[in-house]
Every structure is written in structure tokens, then in C-alpha cells.
Amino acid sequence: MPRKIIHLDLDAFFCAVEELHDPSLRGKAFAVGGKPNQRGVVASCSYAARAHGVRSAMPMGHALALCPEMRIIPAKHHLYGEASKKVMAYLHNITPLVEQISVDEAFLDVSDLPNAAEKIGGRLQAQIKDETGLSASVGVATNKLIAKIANDVGKKSAKYGKSPFAITVVPAGEEAEFLFPLPVEMLWGVGPKTAEKLAERGIYTIGEIAKQSEKKMTRQFGKHGLDLSRHARGIDIRPIETERETKSISQETTFLHDVSDNAKLQKTLHALTRKVARRLRKAELAGKTVKLKIRWSNFETITRQKTLPSISDSEAEIFDAVQSLLEKLHSSGKSVRLIGVGVSGLGPPLRQLSFWEEGAEKSRELEKVLDNLNERFGKNTIQRGNFTEN
Amino acid sequence: MKITVLQENLARGLGIVSRAVSPRSTLPVLANILIATDEGRVRLSATNLELGITAWIPAKVEEEGTTTVPSRTFSDLVNTLPGAQVLLDLDGETQTLNIKSGASVNDVKCIDAEDFPPLTTPDMEDAIQLNVVDFKEMIHQVAFAASSDEARPVLMGVLLTVTNDQIIMASADGFRLSVRKATLSVPIEKSINAIIPARALSELARIAGDGTDMISMTVPDGRGQVVFRVKDAELVSQLIEGTFPDYEQIIPRSHKSRTIVSTASLLKACKQAEIFARDGTNVARLEIKASEDDMAPSEIEISAQSEETGSNETIVEATVDGIGLLIAFNVKFLREVLEIIKTPNVAIETSAPNAPGVIRPIGDDDFTHVIMPMHLG
């Protein structure tokens with residue numbers, strides 16, 4: 001029995017929420033994101049702006065050059081969060097097999113429901129539209145890969161300047177036929193680099209990947225090549241994962257102006273570390289490997305990592321590690337554009353207890369108390385003295 | 001200096017002393033081995049200023065003398081010499097040592113022995129006599145639990161206390177404690193309380209020989225050193241300054257659960273758990289299951305898991321006296337202590353998942369080991 005998988009994606013989600021919030025925006029070219037003089041990027045853009053060639057993730061300055069009359073709206077994440085919660089609740093009403101991939105996107109496995117997936121998708125679209133005023137597009141297929149690509153294709157073929165509100169179905173057995181003419185970039189896991197490598201070998205469409213033997217693809221691209229080969233033939237056996245397992249927790253920030261001052265970098269890194277540690281503790285996780293990410297002014301990005309002596313969720317221990325990594329990297333005093341810290345190798349926060357280190361235990365107790373206070377009275381209600389940002 | 005020695009003896013002597021050589025020292029002479037004629041024998045010595053080792057080998061001395069030979073060159077050369085006999089002839093003017101054996105002729109550049117740190121000859125008259133086999137066992141049961149963290153030098157040592165006829169060794173790295181007691185055949189008059197680097201004791205165990213040999217030990221007044229002499233070899237180590245933590249306080253005086261289990265079975269289970277645990281956090285969980293009634297058999301379940309490699313669990317029959325509980329340990333710590341326990345059965349005593357676990361060999365009250373658990377939260 002083929003599965004029935006739905007991919008549902010809200011159309012220009014942030015912009016749609018903004019239009020509901022301020023109806024005067026309707027039909028106008030606008031984008032949600034940061035200001036161009038603050039290195040903002042487009043988080044979401046209205047379909048009117050898209051008609052001018054504006055795309056999400058584009059630097060705001062670039063977008064304005066394409067569409068000078070475009071308005072820039074600062075993001076209101078709390079509104080998006082509320083709207084997303086409502087939509088996801090509708091999905092969960094239909095089936096518990098919901099895999100939410102982001103704030104505005106989810107997979108549903110409706111194999112066990114009597115109705116056709118297409119019908120379920122259409123009803124969901126209508127319900128979301130009626131009850132929240134948001135437009136959603138739907139892809140229907142026998143696996144996650146095809147459902148997602150079907151939805152992408154459906155959305156692309158929508159009229160310029162309008163919400164797509166698309167529903168695209170790939171019937172069982174027609175997966176390969178559907179995929180073959182599409183460009184390789186539409187396949188998951190094909191970024192610009194892989195696309196370039198494929199082009200060097202004269203491969204431009206998904207069908208051309210499918211023609212290569214699995215062996216050959218594996219030889220050229222490793223394990224990734226094997227996945228590509230299978231996906232290109234429409235094979236994807238991954239189940240709907242209702243709970244995503246966290247593999248790492250990280251925080252990063254791009255500076256308004258490049259920073260070369262080591263003290264400022266350390267301070268920023270400390271603030272990021274505090275957030276990471278707090279998120280770890282909230283998720284009841286601890287990590288073994290600490291990673292430092294730095295993007296220099298010339299956009300070159302490097303990461304360095306260090307394994308902790310024992311698994312940790314402590315701000316102080318993680319900062320010690322990431323600070324030592326920074327010391328090694330930043331002795332040159334180069335300008336930094338972006339800095340980030342991440343923790344991986346996650347597991348339950350099992351700690352090796354020690355005979356004498358009562359100090360460390362007390363420090364942990366303190367961090368827990370601070371977490372609670374910040375939880376109850378809002379972020380940054382209270383912090384350790386030496387880390388306070390001015 | 002002109003001497004003839006057996007290749008075999010020279011190679012053995014170099015093997016003993018070369019562990020104290022300090023190849024990367026700022027003092028070039030510390031990368032060398034002192035070679036000197038000494039009352040009809042040849043003395044080989046090396047030191048890194050903290051640890052010094054000397055070995056004496058039989059020799060035919062034609063002409064007295066002394067120099068220092070680069071350790072690596074000399075050892076590598078001697079190990080490959082073709083003949084049974086080695087003739088060493090020093091040109092004192094140029095400090096060149098001519099080494100002949102069979103058809104092999106070599107000239108090795110040496111450093112004048114004047115530059116070598118002076119070696120004191122300790123007075124061994126009041127030395128304590130220790131049985132080699134017993135003392136080596138004490139070292140094996142204690143030295144492994146010492147710390148390798150240079151931030152706390154005291155914990156890199158083994159505390160040795162001798163009072164009357166009782167000798168105690170203790171070491172702790174902050175997470176585990178190993179204590180071993182023994183009785184001397186002859187009581188001593190002056191008590192000893194010294195922190196000896198664990199590494200020095202491990203080296204001593206390596207060179208000490210076996211059988212009926214004895215080890216002489218002395219801690220000369222005001223020198224901050226301990227001297228061990230065994231047959232044909234001597235080891236001098238600097239003591240670690242500082243105060244060793246009061247380890248008696250760490251050993252729990254009571255317990256709520258006591259599990260007796262076969263040492264070999266538990267060790268095997270721990271080794272299996274470690275195969276999985278080593279990829280992650282090194283944690284093995286011990287589920288101690290108390291029996292419902294006295295007649296039912298009880299057991300202990302050892303398990304470990306890893307994101308990458310998978311999971312493992314082993315059930316070992318046990319006698320559980322008291323409450324059942326789930327406690328997690330660094331499996332390497334458990335394995336290391338079980339490996340040095342000689343009795344067929346061992347007891348694990350504990351009270352709670354965050355309280356120390358005490359490991360005791362059944363039938364040997366002289367050894368106690370304490371491990372802090374890994375705790376969730």
C-alpha cells in the first residue's frame with residue numbers, strides 16, 4: 001500500500017500575518033526583515049514584491065534596489081508564533097502523525113484515513129483560510145520528498161503577485177515521471193556546490209541523475225551520492241517524525257559593524273553561551289562538544305570545536321571551552337562579521353560527581369535559580385554580575 | 001674509561017634507566033645517560049630532576065672513568081649490536097665513546113659527566129624492608145586512581161603513611177579513591193608521611209623484579225625525597241609538597257544497599273558495557289534489584305548505550321542485601337578497580353544514586369575503593 005503524505009506550507013507566511021494585522025499592506029510590495037543599513041536580510045516578502053524579483057534571504061539593500069517602493073516591516077515574531085500554533089493545531093486535529101519542520105511548514109501522514117489525501121488537503125486549506133485568513137499550499141504524494149517538491153512546483157506555477165493557494169498531487173506510480181524534467185536544484189540536498197559538480201558531469205535534470213548507476217553516484221559523492229540517486233528516482237522511505245531529535249543547540253549573531261576588539265567578541269560570545277546553556281537546561285540536555293563559528297569580514301567562515309572532559313550544560317564550562325577556541329583563532333585581531341557558539345553530542349545531563357568540588361555544585365544550583373527567575377519574570381531579569389551587558 | 005660488558009646486561013640496564021630520561025628538557029645533559037665505573041661494576045643513571053633511576057651491571061673494568069651518552073642513540077645502538085660482548089672505550093679529551101661489538105664499530109659523541117646533576121648516595125641503614133611482591137601489588141591497587149591533572153599536583157601522588165607496623169597507600173583523583181593497607185614484618189620507630197608521584201611508583205613496580213627480593217625504602221630527613229633500592233637498581237623521587245586531603249572522610253560509614261557479586265562476571269559485564277559507553281559519556285547504569293523475598297535470587301543489571309554504536313545489557317547474579325536502586329558510574333572507573341581485585345567475590349555498597357559507591361573485595365579487609373557516581377540533573 002503506498003503511503004499518503006501531505007506537505008503543507010503557508011504562503012508568504014510572515015507577510016500574510018502582517019497583512020491581517022495591517023490591512024493597508026494588502027496587495028502592496030513589502031518585506032519583513034531588518035533594515036538595509038543594519039545588514040538586514042529579507043525574512044519574507046509579499047507576492048507583489050516577488051513580482052519585482054525580491055526573494056527571501058536576499059540582503060535588504062539588494063531587494064530595495066530591485067523594488068525601490070517596497071516597504072520594510074520589522075518582524076513581529078510573537079504574532080507569527082501565535083498564528084503558527086493555531087494552524088498546527090488544525091493539523092493535529094486530523095492526525096497525530098504531524099512532523100512540523102518550521103514555523104510555517106509541516107508533513108502529515110494520512111495513510112490510515114479513509115478519505116483521499118487530496119480531499120483532506122483541500123479541506124485543510126479551506127479551514128485555515130476561513131478561520132485564520134491565511135493562505136496555505138499543499139503537496140500530495142506517496143512520500144515526503146515528492147510531496148514537498150510537488151508543493152514547490154505548484155507554488156512556482158502560481159500567478160505573479162498573488163498568493164498561490166496551490167494544491168499539487170503526484171499520484172502513486174508517477175513519481176519518477178514527475179521528477180525527471182525538474183532541475184537538480186529542486187532535489188533535497190542539492191545546493192549550489194553539488195549542482196556545480198553535477199553540471200561539470202553534464203547533469204542538469206533530476207532524470208539525468210536517475211540515469212546514473214547508484215554505484216557511480218556513490219563513488220563520486222559518497223553516501224550523499226547514494227541518497228541523491230535514490231531520491232532522484234522518487235524513492236524516499238523516511239517516516240513522519242513526530243518529535244525531532246535535537247542534534248545540537250546553537251546561537252549566533254551578525255554584528256552591525258564588523259568587530260575586531262577581542263573584549264567585545266568575548267562579551268558577545270558570553271551572551272550567546274548563556275542562551276545556549278539556558279536552552280540546554282530547559283531541554284534537559286547536556287553536550288559533549290563545543291563549537292565556535294566565526295565569519296570574517298570577507299565572508300570566509302570557519303568553525304573550531306573542542307570536546308569537554310565531561311558532558312555539560314553549564315554556562316561557565318561551555319564558555320571556558322569556547323573562549324579557549326576564540327583565543328587560538330583571534331590572536332590575529334582580524335575583523336569578525338558573525339560569531340556563534342554551538343553544543344553537540346547531546347544527551348541527558350549526567351555529570352560525574354566529585355568528592356570535593358562543592359563549588360561547581362553550588363554554581364549549578366545558582367544557574368537553576370537564575371533560570372527559574374528569568375522564566376517567571378522575563379528574559380534577563382537577573383544575570384551573573386560579570387556577564388551583564390551594559 | 002675502558003670496560004667490557006655483556007650486550008644483554010647493558011640492554012637490560014638501559015631499559016631500566018631510560019624511563020627517567022628527559023628528552024625535551026632545556027638541559028641537554030638530561031637527555032643523556034650517565035655511565036660510570038663503580039667498584040668493579042658499571043653504573044647507569046638517568047634523571048629528569050623529579051625522578052632518577054640508577055642500575056648497576058656487571059663489567060670487566062680495565063680503566064676507571066665516566067661520561068654521559070645520548071640515551072636514544074645509545075639504547076637503539078646497543079639493542080642492535082651483533083656480539084655478545086661490548087667494549088666501551090672513552091676518549092676523555094674529545095668525550096667520544098668508542099663502542100665495539102663483533103664487526104660493529106661506533107663513535108658516539110658524549111657530554112662531560114661534570115654537567116650531570118650530582119647523584120647523592122643515600123644512607124640505607126634505617127631503610128624499611130618491604131616484600132617485593134606485596135609492595136608491587138599495593139602499587140597496582142592504588143596508583144591507577146591518582147589524577148593526571150597537573151592543576152592539582154597533590155592528587156597526582158600517592159599518600160604513603162607508615163606507623164609502627166602498618167603501611168597505608170592512598171590515592172584519589174577527585175572522582176575515586178583507592179586505599180590499601182598492609183602490615184610490616186618489623187615495626188618501624190619513626191613514622192613516615194609522604195606524597196610520592198604515582199608515576200614514580202609505577203616505574204618502581206616495573207623495575208622491582210619479583211620472587212623473594214626485598215625493596216628498601218627510606219625518606220631521608222629534610223631532602224624532600226624518597227629512595228627505593230632493589231636488587232641492582234635504585235629509584236629516587238622528589239616528593240610532592242602539600243597536604244593530601246583527608247580521605248577517611250570520603251569513605252562512607254554506612255550503606256543502605258550491599259550487593260555481593262562475582263568479580264569476574266561483573267568485570268566481564270563492565271568490559272562489554274564499555275564497548276558502547278566509550279563512544280559517549282562513558283556511563284554504565286547499574287540496576288541493583290533487591291529480591292522480593294529472601295528466598296528469591298536477586299541480580300544486578302549492567303547496561304550502556306551509545307547514539308552511534310547501539311546498546312548493551314548484561315544481567316549478573318548477585319546477593320542484594322538492602323534496597324534496590326539504579327546508579328550510574330563511569331564504566332572505566334569500575335573496570336579499572338575490578339581488574340586489580342584478586343578475590344573471587346566483591347561487594348558494592350551504596351545508599352543513593354548520588355552517593356558514593358564503595359567497592360570491597362570479599363575476604364580482604366585491607367583494600368577499599370570509593371567511586372563517585374554519575375548523576376542525572
Side-chain angles (χ1 to χ4, degrees), chain A residues 223 241 243-249 277-290 305-318 320-321 324 343-372, chain B residues 145 147-149 151-152 154-155 170-179 243-252 276-285 304-308 311 326-334 350 352-358 369-377:
Chain A
K223 164 94 175 63
E241 283 167 24
E243 262 178 65
R244 304 210 123 225
E245 209 173 304
T246 319
K247 293 236 165 77
S248 71
I249 285 182
R278 232 183 247 167
R279 281 175 60 196
L280 280 170
R281 291 193 294 267
K282 207 171 166 192
E284 291 185 3
L285 289 170
K288 182 107 167 125
T289 306
V290 173
Q305 60 181 44
K306 188 173 178 171
T307 304
L308 298 170
S310 68
I311 193 160
S312 173
D313 60 2
S314 138
E315 175 179 334
E317 283 170 20
I318 297 168
D320 270 356
S324 72
V343 174
S344 60
L346 302 180
L350 272 167
R351 286 169 301 113
Q352 172 66 57
L353 301 179
S354 112
F355 293 136
W356 301 296
E357 276 164 34
E358 279 162 17
E361 287 304 306
K362 281 188 182 144
S363 170
R364 285 188 52 79
E365 289 301 316
L366 177 65
E367 285 185 5
K368 270 191 188 165
V369 171
L370 296 185
D371 282 352
N372 282 337
Chain B
S147 171
S148 53
D149 181 1
R152 301 184 71 179
V154 165
L155 299 186
S171 71
D173 63 3
F175 311 116
R176 52 185 169 162
L177 163 75
S178 219
V179 183
T243 311
F244 201 83
D246 180 6
Y247 65 83
E248 292 283 359
Q249 267 191 336
I250 294 167
I251 305 171
F276 294 89
R278 68 189 172 203
D279 285 336
T281 48
N282 247 7
V283 183
R285 282 161 212 265
Q305 58 180 34
S306 144
E307 285 286 295
E308 280 94 45
S311 64
L326 178 67
I327 188 166
F329 288 109
N330 181 329
V331 66
K332 177 174 159 253
F333 292 174
L334 268 183
T350 186
N354 60 355
V358 184
H369 194 83
V370 184
I371 308 179
M372 285 304 281
M374 313 260 308
H375 185 57
L376 193 65

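Chain naming here is simple, since letters A, B, ... match the order of the sequence lines and numbering starts at 1 in each.
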Once you round to the nearest 0.5 Å, how far does [atom1] of [X] lie from [atom2] of [Y]?
X      : Y      : atom1 : atom2 : value
A:L350 : B:N330 : CG    : CG    : 11.0 Å
B:D173 : A:F355 : CG    : CZ    : 7.5 Å
B:F329 : A:L353 : CZ    : CG    : 10.0 Å

Nearest heavy atoms of B:G174 and A:W356, plus distance in Å |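 Smallest heavy-atom distance, with atoms named: CA-CZ3, 3.5 Å.
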Please report the shortest heavy-atom distance between B:M374 and A:Q352, naming the atom on each side.
->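 Looking at all heavy atoms of both residues, the closest pair is SD-OE1, 3.2 Å.
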Can you say whether B:F333 sits under 4.5 Å from chain A via the side chain, the backbone, both, or neither, judging by heavy atoms?
-> side chain
